[in-house]
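Both backbone and side-chain heavy atoms feed into the values below; hydrogens, waters and symmetry mates do not.
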Amino acid sequence: QDRNNNTKESYSLKIAVNDSLDDDYKRLFNYFPTKVKIDLPCIIHGTFDISSNRDHLNQSEKNDFIIEQLPALFVKCIEKLKVDGLNWNAYRLITPSSKNPDSQEIKNLYSELNKLRTDELPIYPTISGNYEKFADIVFYGNDFNAFAAKHFPKIMPKLILPLNGGIDEAFFKNEIYTAEVFTKLMDSIPVENLSIKNRALLIEKLTSIDQVQRTSLLVDKNNKRIP
């Protein structure tokens with residue numbers, strides 16, 4: 001509704017997503033492409049208020065309103081993507097490849113999508129087979145997380161799946177256990193069930209993790225853990 005003349009207006013808003021999330025138009029649509037850049041792997045169509053040359057969004061209450069509806073529509077798309085299996089597509093859908101939009105309206109949208117990524121949505125695939133929220137996930141790098149997924153997934157179920165598709169690893173660098181918790185988890189690994197080769201690989205991977213305190217990963221000649 002236009003506050004100046006009390007005339008109600010209708011609007012249309014759609015998000016088109018393909019299975020591989022490889023749409024690279026990177027332009028907002030209003031029936032046809034505009035020149036408004038948007039770095040998301042989908043097509044967004046809306047009846048936006050745009051300039052006559054389709055170069056930019058006009059500053060208007062209508063545009064503000066339509067943009068405000070987009071996060072909720074993304075959430076609906078994410079729920080459908082998650083039904084297809086455990087992968088990174090839900091996260092990728094709402095993660096712009098560039099953080100420097102040329103429109104204030106798109107900048108506002110990116111800010112709202114960031115809130116979805118960090119505060120609210122369980123969109124992070126973990127080695128337990130579930131999606132978790134950002135506050136609950138753990139990441140020690142692709143190599144360690146992949147090794148844990150294969151050999152002891154029940155010990156550290158909140159480890160996220162290895163990153164792929166150009167996902168920025170830096171976003172997850174601080175998502176780790178405390179040193180005390182990490183050490184206790186390492187001590188609970190049934191190392192006697194690991195081959196000598198895999199125990200050696202685990203110890204090698206732990207050398208790159210600063211949090212590691214004294215832990216018991218060796219076994220004696222009877223295949224019993226050495227305290």
Side-chain angles (χ1 to χ4, degrees), residues 10-51 53-126 131-135 137 139 142 160-175:
S10 62
Y11 73 96
S12 175
L13 187 61
K14 298 179 181 180
I15 298 175
V17 179
N18 65 28
D19 291 340
S20 55
L21 263 74
D22 59 0
D23 282 315
D24 59 357
Y25 289 101
K26 299 188 183 300
R27 292 291 184 271
L28 207 62
F29 276 67
N30 184 344
Y31 297 105
F32 298 100
T34 70
K35 293 184 180 180
V36 179
K37 186 178 180 182
I38 184 160
D39 292 294
L40 292 168
C42 59
I43 293 176
I44 299 175
H45 158 78
T47 49
F48 298 99
D49 178 12
I50 59 176
S51 60
N53 59 7
R54 306 181 70 84
D55 280 357
H56 60 265
L57 296 173
N58 293 325
Q59 292 186 344
S60 67
E61 292 183 357
K62 179 179 181 179
N63 283 337
D64 290 343
F65 175 82
I66 295 177
I67 291 293
E68 287 172 0
Q69 311 315 304
L70 270 171
L73 188 55
F74 270 110
V75 170
K76 292 182 179 180
C77 290
I78 283 171
E79 293 307 315
K80 292 183 178 180
L81 286 175
K82 288 165 62 177
V83 172
D84 294 334
L86 196 72
N87 55 53
W88 282 99
N89 285 350
Y91 171 82
R92 290 175 55 214
L93 178 63
I94 58 172
T95 304
S97 57
S98 171
K99 304 298 192 297
N100 298 303
D102 51 16
S103 162
Q104 182 60 47
E105 290 84 359
I106 302 304
K107 184 177 180 180
N108 293 342
L109 171 62
Y110 286 0
S111 178
E112 292 304 309
L113 295 183
N114 185 61
K115 291 179 182 177
L116 293 181
R117 290 196 303 274
T118 57
D119 296 337
E120 303 172 20
L121 285 182
I123 58 173
Y124 299 94
T126 64
Y131 285 96
E132 299 289 347
K133 297 179 181 180
F134 185 71
I137 61 173
F139 183 61
N142 278 347
I160 54 175
L161 294 183
L163 309 179
N164 58 34
I167 296 174
D168 184 10
E169 185 172 320
F171 183 71
F172 303 94
K173 66 179 182 179
N174 294 321
E175 300 310 303

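- Using modelled atom types and a 3.5 Å distance limit, the side chains of Ser60 and Asn58 yield no donor-acceptor pair.
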Requested in this report: Let me see the working for Ser97 and Lys26 under side chain to side chain contact (heavy atoms under 4.5 Å, CB included), right down to the final yes or no.
Outcome: CA-CA 10 Å; Ser97 57; Lys26 299 188 183 300; 3.4 Å; yes
Report task. Verify side chain to side chain contact (heavy atoms under 4.5 Å, CB included) between Leu40 and Leu113, making sure each step is shown before the conclusion. Result -> CA-CA 11 Å; Leu40 292 168; Leu113 295 183; 3.9 Å; yes
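- Nearest heavy-atom pair, Arg27 versus Ile38, reported as atom, atom and distance to 0.1 Å: C-CG2, 3.7 Å.
- Heavy atoms only, all atoms of each residue included: Ile43 and Phe29 are closest at CG2-CD1, 3.7 Å.
- Gln59 and Asn63 share no donor-acceptor pair across their side chains, judged by distance under 3.5 Å alone.
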Report task. Would you sort out whether Leu121 and Tyr131 count as a side chain to side chain contact (heavy atoms under 4.5 Å, CB included), showing the intermediate values? Result -> CA-CA 9 Å; Leu121 285 182; Tyr131 285 96; over 6 Å; no
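- Ring planes of Tyr91 and Tyr124: tilted class, angle from 30 to 60°.
- Taking both residues in full, the closest heavy atoms of Leu57 and Ser103 are given as CD1-OG, 4.1 Å, listed atom of the first, atom of the second, then distance.
- Between Asp55 atom CG and Asp102 atom CG the span is 10.0 Å, to the nearest 0.5 Å.
- Counting non-hydrogen atoms of other residues, nucleotides and ligands closer than 6.0 Å to CG of Asp22 gives a total above 12.
- Centroid-to-centroid, the aromatic rings of Phe171 and Phe134 come within less than 6.0 Å.
- The minimum heavy-atom distance between Glu169 and Leu163, with the atom names listed, is CA-CD1, 3.6 Å.
- Note: Ile123 CD1 to Thr118 OG1 = 9.0 Å, rounded to the nearest 0.5 Å.
- In terms of modelled atom types and a separation under 3.5 Å, the side chain of Arg92 and the main chain of Leu21 share a donor-acceptor contact.
- Of all the heavy atoms in Cys42 and Ala16, the pair that sits closest is CB-O, 3.3 Å.
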Report task. Kindly determine whether Phe48 and Val36 satisfy side chain to side chain contact (heavy atoms under 4.5 Å, CB included), including the steps that lead there. Result -> CA-CA 11 Å; Phe48 298 99; Val36 179; over 6 Å; no
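- Residue Lys37 qualifies as open at atom NZ: its count of foreign heavy atoms under 6.0 Å is 12 or below.
- Rounded to the nearest 0.5 Å, atoms CG (Asn30) and CZ (Arg54) are 5.5 Å apart.
- From Lys173, atom NZ reaches atom CG of Asp168 across 9.5 Å, with rounding to the nearest 0.5 Å.
- Trp88 and Phe172 have their aromatic ring centers within a separation under 6.0 angstrom.
- Taking NE2 of His56 as the reference point, atom CD of Gln104 lies at 14.0 Å (rounded to 0.5 Å).
- Note that CD1 of Ile67 and CG of Leu13 are 8.0 Å apart. Values are rounded to the nearest 0.5 Å.
- Shown here for Pro162 and Asn142, the closest heavy-atom pair between the two residues is CA-OD1, 3.3 Å.
- Listed for the Asp23 side chain is no donor-acceptor partner under 3.5 Å among the backbone atoms of Tyr25.
- For the pair Lys62 (side chain) and Thr47 (backbone), a donor-acceptor distance under 3.5 Å is present.
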For residues 69-86, tabulate all N or O donor-acceptor pairs below 3.5 Å that involve a side-chain atom, not counting sequence neighbours.
| residue | atom | partner | partner atom | Å |
| --- | --- | --- | --- | --- |
| Gln69 | NE2 | Phe65 | O | 2.9 |
| Lys82 | NZ | Pro122 | O | 2.8 |

